[in-house]
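One structure is given here, and the rest of the page talks about it.
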Amino acid sequence: MSIIEISGDGFVYDICEDVTRWFLNKYYPRHKLHVEIEHHQLDDYRDFGYCDVVGKRYRPRHFLIELKPFMSEKKYIKILFHELTHMSQFIDGYLKQKDGKLLYFNSPASDYDYEHQPHEIVAREQEENLYALYQLEKRTPGAPNRRRVVL
């Protein structure tokens, strides 16, 4: 059973919970994850969102996602999917922090400008793909009501 904690201002709780539960049920149904999602103004270098591991770095299961409040619903969902993709990269071991450096497939992310960092490119692609899939499944007649699914 995964735990989702949501806090802050300027967001719609139901949307945040629904998107996060949909993602976890679809991609990590058997994992026991703890996902904290906080909504507050972010530093300049964190435009809309940020994801980090809480606690142990080896096989992480506890994550903190920070999101900027007061976005449009579409933008909010896409940014949440972007950060959930980073969480997925950490879970699957593709994204790691070692000796204070962020590594993607064991290559330092700092070797690239931010826009060209491989893990960011993947997350930007996935936010679009996941948004489309989420919208499709959410609007499909007869699709299960994900709000009733218990993690």
Side-chain angles (χ1 to χ4, degrees), residues 1-43 45-69 71 73-109 114 117-140 143-151:
M1 182 169 141
S2 291
I3 298 169
I4 302 169
E5 291 182 52
I6 303 169
S7 64
D9 296 321
F11 70 99
V12 179
Y13 181 91
D14 290 345
I15 293 171
C16 182
E17 181 184 33
D18 190 56
V19 168
T20 305
R21 283 190 188 282
W22 177 86
F23 183 87
L24 294 176
N25 284 328
K26 187 159 197 70
Y27 297 102
Y28 298 100
R30 295 184 180 173
H31 284 67
K32 293 179 181 179
L33 303 172
H34 184 167
V35 183
E36 296 178 54
I37 303 173
E38 295 180 0
H39 300 82
H40 56 85
Q41 278 307 117
L42 302 174
D43 298 338
Y45 70 94
R46 297 180 191 168
D47 287 344
F48 295 102
Y50 182 76
C51 177
D52 200 3
V53 173
V54 176
K56 67 179 185 139
R57 300 284 177 191
Y58 176 73
R59 296 190 62 200
R61 295 297 182 257
H62 187 175
F63 301 90
L64 172 63
I65 294 175
E66 298 176 78
L67 296 171
K68 183 178 180 179
M71 291 184 261
E73 181 177 318
K74 182 177 183 179
K75 177 92 171 166
Y76 177 84
I77 293 170
K78 285 184 177 186
I79 297 298
L80 181 53
F81 277 135
H82 182 102
E83 300 311 328
L84 289 168
T85 297
H86 288 317
M87 182 186 78
S88 179
Q89 292 168 337
F90 279 118
I91 292 168
D92 296 339
Y94 304 137
L95 190 60
K96 300 175 189 174
Q97 286 188 344
K98 186 175 180 181
D99 300 326
K101 292 185 178 186
L102 191 61
L103 305 174
Y104 186 66
F105 282 97
N106 294 320
S107 176
Y114 175 79
Q117 291 177 352
H119 69 287
E120 290 296 339
I121 293 170
V122 170
R124 283 192 299 274
E125 291 170 358
Q126 283 300 99
E127 75 185 45
E128 297 295 333
N129 296 335
L130 290 166
Y131 181 80
L133 184 60
Y134 175 75
Q135 292 299 319
L136 179 68
E137 289 187 9
K138 186 175 162 187
R139 293 184 179 148
T140 302
N145 182 348
R146 281 166 293 287
R147 290 187 182 167
R148 293 184 183 188
V149 175
V150 177
L151 291 176

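Since the model is a prediction, treat every value here as computed from it, not as a measurement.
For the pair F63 and D52, the minimum side-chain heavy-atom distance is 4.5 Å or more. With a 4.5 Å cut-off on side-chain heavy atoms, W22 and L84 do not count as touching. Side-chain contact between I79 and M71: present, with at least one pair of heavy atoms (C-beta onward) separated by less than 4.5 Å. Counting heavy atoms from C-beta outward, E66 and H40 have side chains that approach closer than 4.5 Å. Taking 4.5 Å as the limit, every side-chain heavy atom of H82 sits out of range of all side-chain heavy atoms of L130. The shortest side-chain heavy-atom distance between F11 and I6 falls under the 4.5 Å cut-off. Using a 4.5 Å cut-off on side-chain heavy atoms (C-beta onward), T20 and I65 make no contact.
Ring pair H34/H62 is parallel by interplanar angle, where below 30° counts as parallel and above 60° as perpendicular.
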Practice prompt. Determine, step by step, whether Q97 and V53 satisfy the side-chain contact (heavy atoms from CB on, under 4.5 Å) criterion, reporting the C-alpha distance in whole Å, the side-chain angles of both residues, the deciding distance to 0.1 Å, and the verdict.
Written response: CA-CA 9 Å; Q97 286 188 344; V53 173; 5.9 Å; no

Discussion item. Walk me through whether Y104 and Q89 qualify under side-chain contact (heavy atoms from CB on, under 4.5 Å).
Written reply: CA-CA 9 Å; Y104 186 66; Q89 292 168 337; 3.9 Å; yes

Discussion item. Could you go through L80 and F23, starting from their C-alpha distance and side-chain angles, then the distance that decides it, and tell me whether this counts as side-chain contact (heavy atoms from CB on, under 4.5 Å)?
Written reply: CA-CA 10 Å; L80 181 53; F23 183 87; over 6 Å; no

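Environment of NZ in K74: sparse, with no more than 12 heavy atoms of neighbouring residues, nucleotides or ligands closer than 6.0 Å. At most 12 heavy atoms of other shown residues, nucleotides or ligands fall within 6.0 angstrom of atom CZ in R59.
Evaluation of the salt bridge (charged side-chain N to carboxylate O under 4.0 Å, His left out) test over residues 81-94, restricted to residues two or more places apart or in two chains, returns none. Screening residues 120-133 for salt bridge (charged side-chain N to carboxylate O under 4.0 Å, His left out) gives K78-E128, E115-R124 as the qualifying pairs, with residues at least two apart or on separate chains. Residue pairs meeting the salt bridge (charged side-chain N to carboxylate O under 4.0 Å, His left out) criterion with at least one partner in residues 22-38, sequence neighbours excluded, are K26-E137.
Here the straight-line distance linking atom CZ of F90 with atom CG of L102 works out to 5.5 Å at 0.5 Å rounding. Between the NE2 atom of H119 and the OG atom of S107 there is a distance of 11.0 Å, given to the nearest 0.5 Å. Between the CG atom of L24 and the OG atom of S2 there is a distance of 5.0 Å, given to the nearest 0.5 Å. C51 SG to L64 CG: the interatomic distance, rounded to the nearest 0.5 Å, is 7.5 Å.
For Y76, the ring pair (Phe, Tyr, Trp, His ring centres under 6.0 Å) partners are H39, not counting sequence neighbours. Shown here are the side chain to side chain contact (heavy atoms under 4.5 Å, CB included) partners of P69, two or more places apart in sequence or in another chain: Q41. Not counting sequence neighbours, the partners of F105 by the side chain to side chain contact (heavy atoms under 4.5 Å, CB included) test are Y94.
The main-chain N or O of R21 is found under 3.5 Å from a side-chain atom of N25 such that the two form a donor-acceptor pair.
Closest of all the heavy-atom pairs between C16 and I37 is SG-CD1, 3.7 Å. Taking all atoms of both residues into account, the shortest heavy-atom contact from P60 to R57 is CD-O, 3.4 Å.
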